[in-house]
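A quick write-up on the structure given underneath.
Lettering of chains follows the sequences in order, A, B, ..., and the numbering in each one begins at 1. The shown structure was predicted, so the numbers you read here are calculated from the model rather than taken from an experiment.
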Amino acid sequence: MTKKEKKEIIIDPTQKQNPVIAALKRIFMASFAIVVFLIIWEVAARLELVSVPAFFPPVTKIAAALADEAVKGYLWKNILISLRRSLLGFGLGLLVAIPLGLAIGWFKLFGDLVNPLLQVFRNLPTLALLPVFVMFFGIGELSKVMVILWGVLWYTLLNTISGVRSVDPQLIKAARSMGTGSLRLFGTVVLPAALPFIFTGMRISATVSILILIAAEMMGANRGLGYAMFFYQGNFLIPKMFGYIVVMAIIGTALSFVLEHIEKRSFRWRDETGST
Amino acid sequence: MAVDEGKSKIELDRLRQIYYIRNQQTRGLEEFVALEEFSLSIREGTFVAIVGPSGCGKSTLLDIIAGLTRSKGGGSIQIDGRQVTGPALDRGFIMQGYALFPWRTVQRNIEYGLEVKGVSRKERGEIARKFIKLVELEGFEDRYPNELSGGMRQRVAIARALAYDPEVLLMDEPFAAVDAQTRETMQDELLKIQSKTNKTVIFVTHSIEEAVLLADRVVVMTPRPGRIKQIVDVTLPRPRTNADMRASADYDVIVRRIWELLHDAEIPGAVDGAATGGDIADEIVPSTIL
Ligand SMILES: Nc1ncnc2c1ncn2[C@@H]1O[C@H](COP(=O)(O)OP(=O)(O)O)[C@@H](O)[C@H]1O
Ligand SMILES: [Mg+2]
């Protein structure tokens, strides 16, 4: 079937494609490498080509383990609690990062004063900070949310700063020539110009909020995706461990896919068609 | 003729602008005089063009008149007898790079100054549509600047400045970035708009032909520091168009005269006492010889 499609394209590249076929093709393109990878995995695991086969279950076994978790209801509970943590950490992170980033970007003196500290902080690995978070916030929900907040903060913050700093000075000049005051200048020029940058930062932050779950849930959790992964690893239920890794990967990918889509749609004015 | 009638609109009195430049060898700050002794009296409704080699302070002058830069070397600007202390809606500034807000549609770009002015949404829409019609951009109201050609963007920039009805238009090489044919169309349109609205215009350009075509008076500047070398009155009858000028002998004479004025600057002290000279030969590229 794919062969036939290819032929059609070669014969008449301008011909409008059937939307169903086009969609199928897109799905095929998107999943090809993944499917091949899974098949190789499956075959390699079945043939026990690795040194410790117990640590390397076939894909079908992982799927079965995951289905078991789903049927028992653990999977959904873990997803829910983890998403709640991520969302909370992400949301609070934005509440800190965006205003702070706007202030640092806009008030040059403030930015210059704060920047050295930011550079030090953002280069601290989140994992190294876990004990500190436990000390400050205990091992409850709060410290998990704070870890996510910390991990998420930087991407939005740094993007917001560079967004504000990269506002075209000509646009500021144009607005000021019309008698625009500082507040209006900020609202009608600086903010809209920085918005695409802020959104890119938010998108990366959102993905990171899922990735960082593992670190957050290393601290005395008893539920959540990261926790479940560690739990099953500790109990040598390797297919389930892999199952949870897969779930996290799926959630992360879906999230960044959706956000990338929104981003593309939201900034039509940014599409370069020979503009300045 | 607009030259002889009307009251004084703009009084520029001994404007002087100094920039401090870091000397690469001594690491010290050095004074650099970008504008010197610039005095000019402009009557209401007059179209003044400013020509001079690049770097002679033309943009600096417009920035000062717009109120975006304070002249550090003294001097004063008065509009209608009032001292200019900052930017305001009595002046419309059209910059060389259009400087349209890329996140605003054509319509919303044109409405910007009206928003600052506090005009109601409904009235803003009406006024914007009027100016969209004036610059012949009907049908493009909802386009973003990146979806327009260079000439169309330039027209949006003009409409944006006209929309809030400033009495003075400041234009900094507005047509430098559009192709030759579009430029002629834009020039003719600007002539029409100016005769309709009777705005006072200060128009900076590199092109002598453009200056003579558009202006009642052409201010020729000297390089480093930028001073007024001479003011040439253009007594060609209005209305003018590109087509008329091509056929006009008087036009050629005036163009030639300004060209010579600009070229005298090459030879220090020659012909005109005000010329300060300098190595600007490679910077003057009058389009007459192109
Ligand atoms: N902000 C600034 N700092 C230092 N020098 C400047 C600055 N702006 C302009 N100049 C200098 O002043 C001179 C006049 O500049 P400008 O007004 O832009 O000239 P023009 O518009 O006639 O080409 C130039 O030599 C330029 O290098
Ligand atoms: Mg200039």
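Both the backbone and the side chain of Glu115(B) come within less than 4.5 Å of a heavy atom in chain A. With a threshold of 4.5 angstrom between heavy atoms, Leu100(B) approaches chain A through N, CA, C or O but not through any side-chain atom. With a threshold of 4.5 angstrom between heavy atoms, Asp63(B) approaches chain A through side-chain atoms but not through N, CA, C or O.
With respect to chain A, the highest number of heavy-atom pairs below 4.5 Å among Phe93(B), Tyr112(B), Tyr164(B) belongs to Tyr112(B). Per-residue heavy-atom pair counts under 4.5 Å with chain B were compared for Gly179(A), Ser177(A), Pro196(A), and the maximum is reached by Ser177(A). Between chain A and the options Gly86(B), Pro102(B), Gly113(B), Ala161(B), heavy-atom pairs under 4.5 Å are most frequent for Pro102(B).
Other residues, nucleotides and ligands contribute only 12 or fewer heavy atoms inside 6.0 Å of the CG atom of Leu183(A). No more than 12 heavy atoms of other residues, nucleotides or ligands lie within 6.0 Å of CZ in Phe37(A), so this atom counts as exposed by the packing criterion.
Using a cutoff of 4.0 Å between basic side-chain nitrogens and carboxylate oxygens, Arg268(A) and Glu147(B) are scored as salt-bridged. Ion pairing of Glu263(A) with Arg203(A) is present here, as a side-chain N (NZ or NE/NH1/NH2) and a carboxylate O approach within less than 4.0 Å.
Within the 4.5 Å cutoff, side-chain heavy atoms of Phe101(B) are placed close to those of Arg160(B).
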